[in-house]
A.B. asks: 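One structure, as structure tokens, below. Some questions next.
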Amino acid sequence: MPTVEENSPPYSDADYYGFVLTGLFGVIDDAEASQCDPEGIAFPRQARDLFWAEFQRRHPGAWDPKPPAG
């Protein structure tokens, strides 16, 4: 019987980066919706911006939308 991994589509390096970025976007959205301390929200935003810049360097054109300003 095939395992889950054998049935999963192959993911690229860009896909894995996308998973990380999507998670950061979600954390930021949840923190903002929960009215968390803006100073605390600044840290995942900073991480998002750093990962976003690295993602664009490593995988140009993989994602067209820009991250939300903030």
Side-chain angles (χ1 to χ4, degrees):
M1 172 180 273
T3 64
V4 172
E5 290 82 14
E6 291 170 344
N7 291 328
S8 297
Y11 294 112
S12 69
D13 289 341
D15 291 330
Y16 287 117
Y17 242 93
F19 300 153
V20 171
L21 287 166
T22 299
L24 282 169
F25 291 141
V27 166
I28 293 164
D29 287 345
D30 290 346
E32 290 172 343
S34 299
Q35 298 179 344
C36 291
D37 186 333
E39 289 183 32
I41 298 171
F43 290 106
R45 284 185 182 146
Q46 183 180 14
R48 174 203 60 201
D49 294 345
L50 291 169
F51 281 117
W52 181 258
E54 184 179 12
F55 176 79
Q56 288 183 314
R57 277 193 310 274
R58 289 181 163 197
H59 309 287
W63 274 10
D64 289 333
K66 302 240 182 291

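Along the sequence shown, residues are numbered consecutively beginning with 1. All values derive from a computational prediction rather than experimental measurement. For the numbers below, each heavy atom of this structure counts, side chains included, while hydrogens, waters and symmetry mates do not.
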A.B. asks: Output every pair passing salt bridge (charged side-chain N to carboxylate O under 4.0 Å, His left out) with a member in residues 52-62, not counting sequence neighbours, ordered by first then second residue.
C.D. replies: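 Salt bridge (charged side-chain N to carboxylate O under 4.0 Å, His left out) check on residues 52-62 returns Glu54-Arg58.
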A.B. asks: Does Asp15 use its side chain to pair, donor to acceptor, with the backbone of Ser12 at less than 3.5 Å?
C.D. replies: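 Checked: pair present.
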A.B. asks: Look at the rings of Tyr11 and Tyr16 and say which category their plane angle falls in: under 30° parallel, 30 to 60° tilted, over 60° perpendicular.
C.D. replies: perpendicular
A.B. asks: Indicate, with yes or no, if Phe51 and Phe25 share a hydrophobic cluster defined by side-chain heavy-atom contacts under 4.5 Å among Ile, Leu, Val, Met, Phe, Trp and Tyr.
C.D. replies: yes
A.B. asks: Taking all non-hydrogen atoms of both residues into account, name the closest pair between Leu21 and Arg48 and its distance.
C.D. replies: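 Looking at all heavy atoms of both residues, the closest pair is CD2-O, 4.1 Å.
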A.B. asks: Can you tell me which residue pairs pass the side-chain hydrogen bond (donor to acceptor under 3.5 Å, both in side chains) test with a partner in residues 30-42, sequence neighbours excluded?
C.D. replies: Glu32-Arg45
A.B. asks: Can you get from Trp52 to Leu50 by hopping between Ile, Leu, Val, Met, Phe, Trp and Tyr side chains that sit under 4.5 Å apart?
C.D. replies: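 Looking at the clustering, Leu50 is in a separate group from Trp52.
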A.B. asks: Compare every heavy atom of Pro44 with every heavy atom of Gly40, then report the nearest pair and how far apart it is.
C.D. replies: O-CD, 3.0 Å
A.B. asks: Does Phe19, at its CZ atom, have more than 12 non-hydrogen atoms belonging to other residues, nucleotides or ligands within less than 6.0 Å?
C.D. replies: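 Result for CZ/Phe19: enclosed.
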A.B. asks: Roughly how far, to the nearest 0.5 Å, is CD of Gln46 from CG of Leu24?
C.D. replies: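 The CD atom of Gln46 is 11.5 Å from CG of Leu24, to the nearest 0.5 Å.
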